[in-house]
Amino acid sequence: MTYRNLFKKAPIVSLKGQPIILFDGKHSSLLEALESKKVKVFSECRNGFCGACKTTVISGEVSYLTTPLAELKANECLPCCCVPESDLNLKLSTKGVEVVVKRQYSNNPTATPALTKLAHEG
């Protein structure tokens, strides 16, 4: 018996190459996860207008929870009704978003590396 099919790596969602979210299933949609990290995504989904949250996908794949009502190009997704299937890189701004920065290691081999977070401007 193999466990390969039982465990699936949680996708990493990046904005223009900068990792911001480990999509671990705590959010029901990609939009909800992005909003939790204060990513600015214009959406009118909750007001009945479909298509406003249309986002360009640089790389990666999504699957839809419901069939999108808006017409999409091959490199677009509707975050309100999809979840990432693989690591995902989106063409959204990181301005004002708390992003994860590379680990800072000390010269002390017994020190535990700390994960540093910064507010990224760009």
Side-chain angles (χ1 to χ4, degrees):
M1 179 175 179
T2 178
Y3 293 101
R4 181 171 287 202
N5 295 332
L6 295 177
F7 298 101
K8 182 179 174 187
K9 176 188 162 299
I12 296 169
V13 179
S14 301
L15 305 182
K16 296 181 183 173
Q18 179 64 54
I20 60 149
I21 301 169
L22 179 65
F23 195 87
D24 56 6
K26 292 181 181 176
H27 301 284
S28 62
S29 69
L30 179 57
L31 180 61
E32 194 177 284
L34 292 168
E35 289 174 337
S36 76
K37 286 291 194 170
K38 309 291 187 250
V39 176
K40 291 180 174 102
V41 180
F42 180 73
S43 69
E44 288 291 324
C45 315
R46 296 170 185 108
N47 295 325
F49 177 74
C50 186
C53 69
K54 193 182 295 185
T55 301
T56 301
V57 176
I58 298 170
S59 64
E61 296 179 17
V62 298
S63 64
Y64 286 91
L65 306 167
T66 60
T67 304
L69 298 176
E71 189 173 321
L72 297 170
K73 295 179 184 172
N75 68 335
E76 295 177 328
C77 74
L78 290 178
C80 64
C81 59
C82 74
V83 294
E85 280 298 313
S86 65
D87 289 348
L88 192 60
N89 190 11
L90 302 173
K91 190 176 178 181
L92 290 171
S93 174
T94 58
K95 187 173 183 176
V97 177
E98 195 173 83
V99 297
V100 178
V101 179
K102 291 182 181 179
R103 290 177 183 248
Q104 302 296 321
Y105 294 94
S106 75
N107 291 333
N108 180 353
T110 60
T112 305
L115 193 60
T116 307
K117 293 183 178 182
L118 295 175
H120 184 73
E121 297 291 327

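Worth knowing before you read on, the calculation uses all heavy atoms, side chains too, and leaves out hydrogens, waters and symmetry mates.
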**Study point:** Contacts of D24 that satisfy side-chain hydrogen bond (donor to acceptor under 3.5 Å, both in side chains) - sequence neighbours left out
**Key:** none
Under 4.5 Å between any side-chain heavy atoms of [X] and [Y], yes or no?
X	Y	answer
L22	I12	yes
L90	V39	no
L72	K54	yes
S43	C80	no
K26	S36	no
K37	L15	no
P11	L88	no

Closest heavy-atom contact between [X] and [Y]?
X	Y	answer
A10	F23	CB-O, 3.5 Å
A70	G51	CB-CA, 3.6 Å
S29	V83	CA-CG1, 4.2 Å
L65	S28	CD1-O, 3.1 Å
C77	Y64	CA-OH, 3.1 Å
A33	I21	O-CD1, 3.5 Å

Check your understanding: How long is the span from the SG atom in C82 to the CD atom in E61, to the nearest 0.5 Å?
Key -> 12.0 Å
Practice item. Output every pair passing salt bridge (Lys or Arg N to Asp or Glu O under 4.0 Å) with a member in residues 69-83, not counting sequence neighbours, ordered by first then second residue. Key: none
Heavy-atom donor-acceptor pair, [X] side chain to [Y] backbone, under 3.5 Å:
X	Y	answer
S93	K95	yes
T94	V97	no
N89	K16	yes

**Study point:** Heavy atoms from other residues, nucleotides or ligands near CD of E44 exceed 12 (cutoff 6.0 Å)
**Key:** yes
Review point. When you look at L31 and L78, which way does the side chain to side chain contact (heavy atoms under 4.5 Å, CB included) test go after all the steps?
Key: CA-CA 8 Å; L31 180 61; L78 290 178; over 6 Å; no
**Study point:** Single-linkage hydrophobic cluster V41~V57, side-chain heavy atoms < 4.5 angstrom
**Key:** yes
